[in-house]
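These numbers come from a predicted model, not from an experiment.
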Amino acid sequence: MRTDVDDFIRRLARELRPRTTESVDALLLRMRSELPEPWQHEGIAALASEETAGHLTTLLDMLEHGLDAAEAEAPPQSFEIARRFARSGVPISTLLRAYRLGHLGLFQLFQAEVPRLTDDPELISAAAMRLLEQGFAYVDRSSVRVVAAYQEERDRRLQRRLLLTNEASLRIGTTLDIGRTSQELADVGADDFADLVTVDLLASVLADDDAQPTPGSPPLRRAAQQSTSGSGAMDLPAPTAQTHTYPAESEAARTLAAGRPLLHRVPDSGPRPWWLPTSESGGGSYGWADIHSVLLLPLLARGDVLGLVQFFRGGETAPFDEDDLHLAQEIVARAAVSIDNARRYTQEHSTSLTLQRSLLPQRAVEQSAVVAATRYLPSGARAGVGGDWYDVIPLSGARVALVVGDVVGRGLRAAATMGRLRTAVRAFADIDLMPDELLTHLDDVVIRLQNEEGQDTGETSATCLYAVYDPVSRICSFASAGHVLPAVVTPSGDENDPASPRSVKLLETPIGPPLGLGGLPFETARLKLPEGSLLALFTDGLIRSRTRDVDAARALLSDVLSGKTEPSDPGGPAPTDSPDEICDRILSALLPGRSSDDVALLVARTLALDPGQVAMLDLPSDPAGVSDARRFTSDTLTAWGLEELAFTTELMVSELVTNAIRYGKPPIQLRLILESTLTCEVFDTSSTAPHLRRARIYDEGGRGLLLVAQLAERWGTRHSREGKVIWAEQNLPTGRSAHDDQPL
């Protein structure tokens with residue numbers, strides 16, 4: 001009986017072999033009707049026809065030649081279909097169902113052929129059992145290998161997806177620079193994913209406007225693009241930084257407007273594609289390889305559309321599928337957040353820097369006490385600009401205040417706080433407070449700011465160095481609130497050799513607490529300086545660095561100020577000691593690269609008033625001394641060639657000296673100073689400050705200060721440990737200056 005069944009099975013196989021094509025078509029028609037899902041994927045139909053023919057041929061070989069199922073090999077198209085199913089995201093259950101349907105169809109094909117060859121019931125039954133046995137054995141073995149191919153491809157794609165997303169997270173957003181972040185996105189996309197990647201940002205995003213899509217076709221700027229390297233690489237479509245638009249009815253414009261990703265299959269023929277943009281500069285078309293699929297993804301961050309990313313594939317590269325679209329969405333979503341962060345950082349950094357620069361002095365102030373130069377360098381850190389500032393403030397009596405400060409923190413808040421503190425310092429300097437008293441009042445201002453802002457916004461703190469230089473006495477008084485002390489350079493002893501080493505002193509006087517602590521005292525130090533001395537005031541960003549010790553930085557600063565680091569080039573121009581060039585040498589030596597902190601630098605060379613520009617007279621505490629003061633004033637102004645100011649000046653001197661004699665305490669001194677203005681000063685040891693008041697009709701006094709205020713350009717009072725000075729300034733006549741030669 002077994003021999004009869006074997007012979008019958010061989011005969012059955014020979015009978016069916018000529019009708020293989022017809023049988024394959026019938027099987028495929030049935031599978032399409034019962035399992036339509038796989039046929040929606042491109043390329044499956046052609047492979048399925050070859051695969052079904054291969055399965056049928058293999059099974060016929062097994063039956064005709066008596067082969068064992070272990071010796072039969074599934075056709076290679078089976079593994080390719082399994083891999084395509086995995087790449088297309090078709091579930092494995094669909095693949096297994098296809099095998100079951102195919103097995104059932106083959107069994108029914110053989111079963112329908114059996115009655116034509118025999119009517120023996122026993123032979124028919126035995127043949128059916130043999131067909132089931134052989135078919136199940138073949139299907140089981142081939143399906144195991146096909147499922148293994150499916151899982152291998154799925155695991156490979158999952159691993160590739162994880163690797164690519166991990167690579168994207170590592171390589172995209174390494175800086176807060178929009179252009180670099182965009183290029184990082186293009187580089188990652190062109191690395192074994194797409195043949196070409198373009199990143200277009202809305203022009204409004206790069207212009208720091210709100211990134212909202214506009215009707216029609218908004219202008220975009222090519223932020224980055226990258227193509228695969230090697231032969232056959234696509235030409236780049238447009239230069240980076242070029243502004244262009246897409247046609248209003250193009251897929252690119254619709255993707256931007258809708259804010260939804262799109263997988264686009266490129267037809268074989270059609271109008272000029274949208275990816276050849278219309279340039280504002282009138283650029284023409286660009287040479288491209290054949291493109292068959294495009295992924296269009298809007299750059300979405302925090303509900304705003306920032307731009308458009310396009311991934312292109314062409315030539316022999318496999319077309320994009322839905323899985324590729326999901327992968328691209330993950331990458332672009334990460335990049336969009338990084339680009340938005342960079343955009344917001346750029347906006348805040350630019351705003352902070354603009355605000356800070358607007359709050360710093362815009363031009364050099366007119367004064368004759370020092371020759372000053374200043375520099376401000378914003379940091380290269382991501383946190384943005386800080387609250388460093390400097391100031392040069394003219395004071396009464398030809399003096400000048402030099403200020404350097406630093407607000408703790410960065411960004412807009414630090415810049416705004418810096419502006420408020422600088423304004424407060426100028427207000428306190430205007431009433432001629434001593435350095436320690438000024439810092440005490442400034443400390444109160446910082447504490448009030450802390451109370452106004454509350455604890456939720458963080459504690460406001462700052463440091464400040466306030467110095468006052470008097471060119472008449474050549475005394476520099478200064479106090480520090482937690483701020484690094486200045487460096488002082490005195491001229492060399494050899495006047496005939498300006499290049500001889502200068503003496504540099506890094507001051508070590510006590511430093512007060514930072515501003516904002518409250519209740520702690522500040523101390524004023526005094527230093528007498530030779531004419532031509534150099535004061536270098538700076539913030540700690542100049543000497544603090546992650547790569548250099550503070551002491552080493554201080555030593556290098558000392559070498560620069562002393563002239564030890566100046567190049568010795570006999571053929572070149574000799575280095576000068578101008579404050580401007582000294583600032584440049586300091587920054588070049590201590591900050592060759594970008595600093596991690598803001599730096600404010602103020603270098604001032606001290607001047608001294610010529611003795612002929614200062615006249616002093618000690619007065620007795622006696623009304624008779626008023627006439628002596630008037631005569632002394634008249635003689636001095638005559639010697640200075642300022643006779644036309646004699647009348648008004650004598651009136652002011654008379655009133656100021658009379659007040660000092662009547663209300664002040666001896667000793668009393670009159671001082672006249674000629675510089676850019678004519679200043680009259682009357683000193684006494686009383687601490688009582690005069691003030692303007694409205695005199696009644698029958699009052700005998702109260703009009704002196706009013707008269708002075710009317711005649712003087714400016715007037716005021718300043719206090720010291722020894723007493724007070726009432727001063728009044730007048731402008732010099734037109735065409736006169738303090739340096740005009742006048743006989744004394």
Side-chain angles (χ1 to χ4, degrees), residues 359-361 369-370 372 374 386-397 399-409 414 416-453 459-470 475-488 506-527 535-541 598 600-602 604 687 689 716-722 724-725:
L359 293 174
L360 292 173
V370 298
T374 56
D388 293 18
W389 89 91
Y390 58 81
D391 212 344
V392 179
I393 309 171
L395 302 176
S396 63
R399 299 169 307 132
V400 67
L402 307 174
V403 191
V404 171
D406 185 2
V407 175
V408 176
T417 303
M418 176 272 287
R420 298 172 76 175
L421 295 186
R422 177 173 177 258
T423 301
V425 169
R426 280 188 160 263
F428 296 142
D430 194 51
I431 57 177
D432 269 322
L433 292 177
M434 295 180 62
D436 58 334
E437 294 178 355
L438 183 142
L439 293 182
T440 299
H441 286 283
L442 194 61
D443 188 43
D444 293 337
V445 171
V446 174
I447 292 174
R448 285 197 298 272
L449 290 177
Q450 292 175 353
N451 295 334
E452 291 172 2
E453 294 173 354
E459 184 174 330
T460 301
S461 181
T463 64
C464 183
L465 175 71
Y466 184 81
V468 176
Y469 174 69
D470 186 345
I475 291 177
C476 179
S477 305
F478 60 90
S480 170
H483 200 90
V484 59
L485 295 175
V488 179
L506 300 174
L507 300 181
E508 299 291 344
T509 55
I511 297 177
L515 300 170
L517 297 182
L520 298 174
F522 301 98
E523 182 177 343
T524 296
R526 294 162 63 90
L527 187 66
L535 289 169
L537 290 73
F538 49 88
T539 53
D540 58 1
D598 285 25
L601 174 64
L602 192 161
S687 60
T717 305
R718 68 173 182 268
H719 294 267
S720 65
R721 299 283 186 263
E722 295 79 16
K724 71 174 184 296
V725 172

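The minimum heavy-atom distance between Pro513 and Phe522, with the atom names listed, is O-CE2, 3.3 Å. Nearest heavy atoms, Gly516 versus Ile447: O-CG1, 3.9 Å. Shortest non-hydrogen contact noted between Thr524 and Ser477 is CG2-CB, 4.0 Å. Scanning both residues, Asp598 and Asp388, for their nearest heavy atoms gives O-OD2, 2.9 Å. For Tyr466 against Leu395, the heavy-atom pair with the smallest separation is OH-CD1, 4.1 Å. The two atoms that bring Asp443 and Pro514 nearest to each other are OD1-O, 4.2 Å, heavy atoms only.
For the atom pair Asp540 CG and Thr463 OG1, the distance stands at 6.5 Å (nearest 0.5 Å). Between the SG atom in Cys464 and the CG atom in Leu421 there is a gap of 8.0 Å [rounded to 0.5 Å]. In this structure, NE2 on His483 lies 7.0 Å from CG on Asp406, to the nearest 0.5 angstrom. Once rounded to the nearest 0.5 Å, the distance linking CZ of Phe428 with CG of Leu438 reads 6.5 Å. Between atom CZ of residue Arg718 and atom CE of residue Met434 there is a gap of 11.5 Å, rounded to the nearest 0.5 Å. Put simply, CD on Glu437 and CG on Leu442 are 13.5 Å apart, with the number rounded to the nearest 0.5 Å.
Inter-residue side-chain proximity for Ile511 and Leu485 is flagged as met; some heavy-atom pair is nearer than 4.5 Å. For the pair Phe478 and Leu537, the minimum side-chain heavy-atom distance is 4.5 Å or more. At least one side-chain heavy atom of Val468 sits less than 4.5 Å from a side-chain heavy atom of Pro435. Residues Val488 and Leu506 have side chains not in contact (no heavy-atom distance under 4.5 Å, counting atoms from C-beta outward). Residues Leu535 and Leu402 form a side-chain contact, since some pair of their non-hydrogen atoms from C-beta on lies under 4.5 Å apart. No side-chain heavy atom of Thr374 sits less than 4.5 Å from a side-chain heavy atom of Leu601.
Within 6.0 Å of the CZ atom in Arg426, the count of heavy atoms belonging to other residues, nucleotides or ligands exceeds 12.
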Go through the steps for Asp430 and Ile393 under the test side-chain contact (heavy atoms from CB on, under 4.5 Å), then give the verdict. CA-CA 9 Å; Asp430 194 51; Ile393 309 171; over 6 Å; no
Could you walk me through whether Tyr469 and Val370 satisfy the side-chain contact (heavy atoms from CB on, under 4.5 Å) test, starting with their C-alpha distance in whole Å, then the side-chain angles of each, then the deciding distance to 0.1 Å, before giving a yes or no? CA-CA 8 Å; Tyr469 174 69; Val370 298; 3.9 Å; yes
Given the rule in the side-chain contact (heavy atoms from CB on, under 4.5 Å) test, do Arg526 and Ile475 qualify, once you have shown the distances and angles that lead to the verdict? CA-CA 7 Å; Arg526 294 162 63 90; Ile475 291 177; 3.5 Å; yes
Applying salt bridge (Lys or Arg N to Asp or Glu O under 4.0 Å) to Asp432 and Lys724, what does each step give before you reach the verdict? CA-CA 10 Å; Asp432 269 322; Lys724 71 174 184 296; over 6 Å; no
May I have the step-by-step check of side-chain contact (heavy atoms from CB on, under 4.5 Å) for Val403 and Leu465, ending in yes or no? CA-CA 6 Å; Val403 191; Leu465 175 71; over 6 Å; no
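Judged by distance alone, with hydrogens and angles left aside, the side-chain atoms of Arg399 form a donor-acceptor pair with the main-chain N or O of Ser396 at under 3.5 Å. Here the side chain of Thr539 pairs a donor or acceptor atom with the backbone of Ala600 at under 3.5 angstrom.
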